[in-house]
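This report refers to the structure that appears directly beneath it.
All of these numbers come straight from a predicted model, not from anything done at the bench.
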Amino acid sequence: MDRQNVCTALENALTDVLERPITGLTGEVKLFDDLHLDSTTMLEMLMALEDSIGLVVDPEDLDADDFLSVDTFTDFVLTTRRERAVA
């Protein structure tokens, strides 16, 4: 899975969770400030990504810095998937 695939999956998950079309995300988009996510919608987004791309996240691994922007979240997803593949 590459950055573009993660971004597309993120757009789809956000569209479902926020119940409005989310397209054309760029790395600089702030998840909380620009898209107005909160802790509940963030958890819903993580569950949607679990279903769509098989993302498995241990709550102990969650760090607020990973959710600052599309770029930081994409890095988190790619790192998490890589770590799970090695384990």
Are any of the side-chain heavy atoms of [X] and [Y] separated by less than 4.5 Å?
X	Y	result
T26	V70	no
F76	D63	no
L37	L18	yes
F73	L49	yes
L31	M42	yes

I'd like to know if the side chain of [X] and the backbone of [Y] have a donor-acceptor N/O pair within less than 3.5 Å.
X	Y	answer
T72	S69	yes
R81	I53	yes
T15	I22	yes

Report whether [X] and [Y] are members of the same hydrophobic cluster (ILVMFWY, side-chain heavy atoms less than 4.5 Å apart, transitive linking).
X	Y	result
L62	L78	yes
M47	V77	no
L46	V29	yes
L10	V56	no
L25	L68	no

Going through the distances and angles, do R3 and D71 end up as a side chain to side chain contact (heavy atoms under 4.5 Å, CB included)? CA-CA 9 Å; R3 294 187 80 75; D71 270 345; 3.2 Å; yes

Straight-line distance of [X] [atom1] to [Y] [atom2], nearest 0.5 Å:
X	Y	atom1	atom2	value
T74	D2	OG1	CG	10.5 Å
T41	L35	OG1	CG	9.0 Å
T79	R82	OG1	CZ	4.5 Å
D66	D75	CG	CG	8.5 Å

